[in-house]
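Okay, so here's the structure we're looking at.
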Amino acid sequence: MKIDIQKESVAPMIAWLKEARDQGIRNERALREILSMPDYGVEFRRYGEPNLPVCGIDFEEAVDFFLHFDEKDFENPRLAYKKESFLAFYQDLDSRLEKMQILESITLEDLHLVEMRLENGLPDSLMREADHFTVLLTVSIGNSMGWPYGEYIHFDVANLDSLGDKETFLRVLAHEIHHIMFSQLIPEKMSPRQYFFVNFAFEGLAVHFCNNAATPGKPAKYPGAAFGMDEDGWEFYEQQHEELIQKVLEDGEKAKNMTMEQVEELISEYEQFNFSSLKTGETRTIRQYPTYYAGCFLWGRIDLCLGKERLFEVLASYDGFWDAWEETRQL
């Protein structure tokens, strides 16, 4: 497996931000040239995909954000959510950029760790086809620390401080590559209920295999701690574990009688940065969607109870989740 790092847009954007901060100069023409670089082109194509999470930011909105992020409120909820964390990055540019040294120090031994986590979490036949990936770095206007798109694994330079150490970064990198390869396992034709549960598998299995997250009733895949998880958000989910899992299962049953469009709308309720506790009613701003937690529990249990081969058979079957889940409840 070969992994390249692509970061051509970072230096000019950092220089633009420092000029804005230190000299009060916000050169719109220069900004537009930076945002027109190929690396940002990948980002805007990804944000233009209507069916992917954390989307809906276009070129002109990005221009407006960089010109005014410290002086106005934004109607686009993605940009409104981004504002606070980006301001913290802007005010602490030099120390925040030290995290980029983590990426520049990755060794072949480090990549072996990434491959090992992926081998445990993907079919052997798929791993034999794994070839080349590009880590794309930009000073992003998106909400996610990282996302997969085509051959790219994107990381937001403005959010690198949340990665912690190199070990955490490698687990997060494995998580994003898992997404890219997992997409090859998704059947072209699915029932509405299958589509519902596969959406939970997308994040849940990456968290289970690569981040080593545990939940009540589902131990960690490997000995040791979880990596790259939002501990406060995870604790929030654990406090309502039974209620959340019951709601997911009930919604999954309802999906059997829904159209795909209705199921997509249903899933979107679990892909929000604000979530209300099903137990207390408390609404919290969270960094990782409920699909991370519920998917980790439901699909992680299938892996631990029934094994990896059966797990991927269930993913490929038309409505196999329900039978497999019932099996895990007997164990």
Side-chain angles (χ1 to χ4, degrees), residues 1-18 31 33-47 49 52 54 57 62 66 82 85-86 89-90 92-119 121-122 126-127 129-184 206 209-211 227-229:
M1 181 185 297
K2 182 180 179 183
I3 297 178
D4 294 325
I5 296 177
Q6 188 168 311
K7 56 179 182 177
E8 283 74 10
S9 70
V10 174
M13 181 59 84
I14 294 299
W16 189 91
L17 289 169
K18 286 185 175 181
L31 175 63
E33 290 177 355
I34 294 168
L35 292 175
S36 297
M37 295 178 70
D39 290 358
Y40 278 110
V42 175
E43 189 166 5
F44 288 120
R45 287 196 297 275
R46 197 272 182 187
Y47 292 149
E49 292 282 349
L52 294 178
V54 199
I57 303 170
F66 281 109
K82 178 75 175 181
S85 64
F86 192 83
F89 167 73
Y90 177 68
D92 193 25
L93 281 173
D94 294 322
S95 63
R96 294 294 190 97
L97 291 173
E98 292 177 4
K99 286 289 185 179
M100 288 188 65
Q101 296 174 8
I102 293 176
L103 282 75
E104 294 164 355
S105 65
I106 293 175
T107 66
L108 289 175
E109 185 177 344
D110 294 330
L111 295 180
H112 177 70
L113 173 62
V114 172
E115 289 191 67
M116 182 173 65
R117 291 290 180 252
L118 292 170
E119 287 170 354
L122 292 164
L126 195 57
M127 281 302 300
E129 299 174 6
D131 183 20
H132 176 263
F133 300 98
T134 299
V135 172
L136 176 66
L137 298 178
T138 68
V139 179
S140 176
I141 36 72
N143 298 148
S144 178
M145 180 173 64
W147 40 252
Y149 182 71
E151 70 176 56
Y152 296 96
I153 304 110
H154 174 269
F155 289 98
D156 182 358
V157 172
N159 290 340
L160 287 181
D161 65 297
S162 61
L163 283 175
D165 55 17
K166 182 194 283 189
E167 176 77 359
T168 301
F169 173 77
L170 293 173
R171 302 302 182 97
V172 175
L173 178 60
H175 176 116
E176 300 302 336
I177 295 176
H178 189 279
H179 283 333
I180 292 175
M181 302 179 74
F182 179 84
S183 63
Q184 299 178 50
F209 285 117
C210 302
N211 299 84
F227 291 85
M229 303 307 299

query = Can you tell which of E43, E8, K7 makes a side chain to side chain donor-acceptor pair (under 3.5 Å) with T138?
reply = E43

Can you tell if the side chain of [X] reaches within under 4.5 Å of the side chain of [Y], non-hydrogen atoms only?
| X | Y | answer |
| --- | --- | --- |
| H154 | V42 | no |
| I180 | E151 | no |
| R46 | Y152 | no |
| E33 | P12 | no |
| E115 | I177 | no |
| F133 | E176 | no |
| F155 | L173 | yes |
| D156 | K82 | yes |

Could you pull out the closest heavy-atom pair between [X] and [Y], with the gap in Å?
| X | Y | result |
| --- | --- | --- |
| L126 | M181 | CD2-O, 3.2 Å |
| N159 | S85 | OD1-OG, 4.3 Å |
| L35 | F44 | O-CE1, 3.7 Å |
| S9 | D39 | N-OD2, 3.6 Å |
| L17 | Y90 | O-CE1, 3.5 Å |
| L170 | V114 | O-CG2, 3.7 Å |

Measuring from atom [atom1] of [X] to atom [atom2] of [Y], what distance do you get when rounded to the nearest 0.5 angstrom?
| X | Y | atom1 | atom2 | result |
| --- | --- | --- | --- | --- |
| T134 | I5 | OG1 | CD1 | 10.0 Å |
| E49 | W147 | CD | CH2 | 10.5 Å |
| H178 | N211 | NE2 | CG | 10.5 Å |
| L118 | L113 | CG | CG | 9.5 Å |

Proximity of Y40 and Y47 rings by center, below 6.0 Å = no

key: Salt-bridge criterion met for E167 and R171 (N-O under 4.0 Å)   = yes

query = What class does the angle between the rings of F89 and F86 fall in, given that below 30° is parallel, 30 to 60° is tilted and above 60° is perpendicular?
reply = tilted

